[in-house]
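Take a look at the structure set out below.
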Amino acid sequence: MDILIDSTKDFEKDLEQFNDPDKFKLIKEMNRYFETLSKDKMLFYQSSEQLRNIKLNHSYDSTIYALKINDHQRVIFIKLL
């Protein structure tokens, strides 16, 4: 499965508020989730929290997930199919 990751300007702005080691940890954890999604979808679904399922036009599907980075941080991820 090909995965295209696109971040928003707001996300990039939020990311700049972290120091480099914390930023590296956050990105590393996000990449772990994306690798899991490409290799083992069921494990991804088990390790993330589905927040909302949205039906789009032309049989596209979108789902919003919260990816737990640590006990205090979550990243919102929107999967488009």
Side-chain angles (χ1 to χ4, degrees):
M1 169 201 294
D2 290 331
I3 296 177
L4 172 65
I5 300 168
D6 191 13
S7 60
T8 64
K9 290 180 183 179
D10 288 338
F11 174 77
E12 297 293 335
K13 184 178 174 183
D14 290 345
L15 196 57
E16 289 303 317
Q17 296 176 18
F18 293 94
N19 62 38
D20 285 343
D22 288 342
K23 194 183 312 184
F24 176 77
K25 288 177 190 175
L26 188 134
I27 292 170
K28 183 178 177 181
E29 191 63 20
M30 288 175 54
N31 285 335
R32 186 185 65 79
Y33 273 106
F34 300 140
E35 183 176 338
T36 302
L37 178 60
S38 70
K39 292 183 178 179
D40 188 345
K41 289 181 190 177
M42 289 308 296
L43 181 58
F44 173 83
Y45 297 134
Q46 292 170 355
S47 60
S48 60
E49 179 184 357
Q50 184 176 359
L51 301 178
R52 188 168 184 183
N53 195 343
I54 302 169
K55 290 293 182 194
L56 302 172
N57 294 335
H58 307 294
S59 72
Y60 287 106
D61 193 16
S62 172
T63 307
I64 301 173
Y65 292 91
L67 309 179
K68 182 178 179 181
I69 302 302
N70 58 44
D71 288 339
H72 306 287
Q73 296 172 322
R74 305 282 187 283
V75 172
I76 302 299
F77 168 72
I78 300 173
K79 183 182 84 172
L80 297 172
L81 296 174

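Residues take their numbers from the sequence shown, with the count starting at 1. Everything numeric here is computed off the predicted structure, so don't read it as measured data.
- How far CD of Gln46 is from CG of Asp40: 7.5 Å, rounded to the nearest 0.5 Å.
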- Item | Asn31 and Lys28: CA distance, side-chain angles, deciding distance, side-chain contact (heavy atoms from CB on, under 4.5 Å) verdict | CA-CA 5 Å; Asn31 285 335; Lys28 183 178 177 181; 5.8 Å; no
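- To the nearest 0.5 Å, the span separating CD on Gln73 from CG on Asp14 amounts to 10.5 Å.
- Between Lys23 and Asp20 there is a salt bridge, since at least one side-chain N of the basic residue sits less than 4.0 Å from a carboxylate O of the acidic one.
- In this view, Phe18 satisfies the ring-ring contact (aromatic ring centres under 6.0 Å, His included) rule with no residue, not counting sequence neighbours.
- Taking CD1 from Ile69 and CG from Leu26, the interatomic distance works out to 5.0 Å, rounded to the nearest 0.5 Å.
- The environment of Phe24 atom CZ is sparse: at most 12 non-hydrogen atoms of other residues, nucleotides or ligands sit within 6.0 angstrom.
- The distance from atom CG of Leu51 to atom CZ of Phe77, rounded to the nearest 0.5 Å, is 12.0 Å.
- Taking 4.0 Å as the cut-off between side-chain N and carboxylate O, Glu29 and Arg32 count as a salt-bridged pair.
- Tyr65 and Ile27 end up in the same hydrophobic cluster when Ile, Leu, Val, Met, Phe, Trp and Tyr side chains are linked at under 4.5 Å.
- Judged as a ring-ring contact (aromatic ring centres under 6.0 Å, His included), and not counting sequence neighbours, Tyr33 has no contacts.
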- Would Phe11 and Asp6 count as a side-chain contact (heavy atoms from CB on, under 4.5 Å) if you check the C-alpha gap in whole Å, the side-chain angles of each, and the deciding distance to 0.1 Å? CA-CA 10 Å; Phe11 174 77; Asp6 191 13; over 6 Å; no
- Derivation and outcome, side-chain contact (heavy atoms from CB on, under 4.5 Å), residues Arg74 and Ile76: CA-CA 7 Å; Arg74 305 282 187 283; Ile76 302 299; 5.5 Å; no
